[in-house]
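Scope of the values below: all heavy atoms of this structure, side chains included, with no hydrogens, waters or symmetry mates. Count residues from 1 along the sequence.
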Amino acid sequence: MNNAGKVGAFFATLLFAGAAADPGYAQNAEHGKIVFQACATCHTTDQTNRVGPGLGGLIGRKAGTAPGFHYSDAMKKSDIVWDTKILDAYLEAPQKVVPGNKMPYAGMTNPADRADLVGYLATLK
């Protein structure tokens with residue numbers, strides 16, 4: 001599958017996950033694990049890089065520093081250290097938080113899904 005096909009599949013998966021998610025959850029890492037399935041097209045839950053960097057140990061890590069991943073200059077120069085607040089903002093609007101980043105993702109509008117996803121990502125070591 002070419003890159004355009006992978007990006008299309010990613011967005012289709014993301015739309016499905018958003019439609020299937022129950023908006024009544026808040027800070028539910030188990031539900032966040034389900035929401036993460038859309039992210040798994042590009043990201044892993046350990047330090048293994050795919051199309052996107054591995055997300056293991058993300059909280060507390062300086063943005064643009066996962067070993068072996070080729071980040072955009074915008075991400076490398078962002079001076080972000082990932083915490084739950086900035087991660088929530090980034091997942092809502094990646095280009096607003098880090099203009100020029102290369103993640104082909106428009107953002108997650110459902111705040112409960114974002115909170116759950118951030119809660120899940122915070123459990124990854």
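- The line from OH of Tyr105 to SG of Cys42 is 11.0 Å long, rounded to the nearest 0.5 Å.
- Side-chain contact between Val35 and Tyr120 is absent, with no heavy-atom pair separated by less than 4.5 Å.
- Between Asp46 and Lys125 there is no salt bridge, since none of the side-chain N atoms of the basic residue sits less than 4.0 Å from a carboxylate O of the acidic one.
- Taking the charged nitrogens against the carboxylate oxygens, Asp73 and Lys76 do have a contact shorter than 4.0 Å, which makes a salt bridge.
- Using a 4.5 Å heavy-atom threshold, the side chains of Leu58 and Leu124 count as separate.
- A distance-only check finds no donor-acceptor pair linking the side chain of Asp116 to the backbone of Ala29 [under 3.5 Å].
- Of the possible polar contacts, one joining the His43 side chain to the Pro53 backbone as a donor-acceptor pair under 3.5 Å is found.
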- Message: side-chain contact (heavy atoms from CB on, under 4.5 Å), that's the test. Do Ile80 and Val98 meet it? Break it down for me.
- Response: CA-CA 9 Å; Ile80 290 173; Val98 182; 3.5 Å; yes
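- Between the side chains of Asn101 and Tyr71, no donor-acceptor pair is found at a separation under 3.5 Å.
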- Message: Working note: Glu92 + Thr109, criterion side-chain contact (heavy atoms from CB on, under 4.5 Å); need CA distance, chi angles, decisive distance, verdict.
- Response: CA-CA 6 Å; Glu92 181 178 21; Thr109 59; over 6 Å; no
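- By the 4.5 Å heavy-atom criterion applied to side chains, Ile86 and Val97 are counted as neighbours.
- Across Leu117 and Met108, no two heavy atoms sit closer than the pair CD2-CE, 3.7 Å.
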- Evaluate the criterion salt bridge (Lys or Arg N to Asp or Glu O under 4.0 Å) for residue pair Lys62 and Asp79; output intermediate values, then yes/no. CA-CA 7 Å; Lys62 185 175 184 326; Asp79 287 328; 3.7 Å; yes
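- Under the 4.5 Å side-chain criterion, counting only non-hydrogen atoms from C-beta, Thr44 is in contact with Arg50.
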- Message: Go through it in stages, so that I can follow the logic: the residues are Asn49 and His70, the test is side-chain contact (heavy atoms from CB on, under 4.5 Å), and I'd like the CA-CA distance, side-chain angles, deciding distance and then a yes or no.
- Response: CA-CA 10 Å; Asn49 298 320; His70 182 71; over 6 Å; no
- Message: Evaluate Thr84 against Leu121 for side-chain contact (heavy atoms from CB on, under 4.5 Å), listing each step before the verdict.
- Response: CA-CA 9 Å; Thr84 56; Leu121 293 174; over 6 Å; no
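- Taken from CG in Leu55 to OG1 in Thr48, the straight-line distance is 11.0 Å, to the nearest 0.5 Å.
- Of all non-hydrogen atoms in Gly107 and Pro94, the two that sit nearest each other are CA-CD, 3.8 Å.
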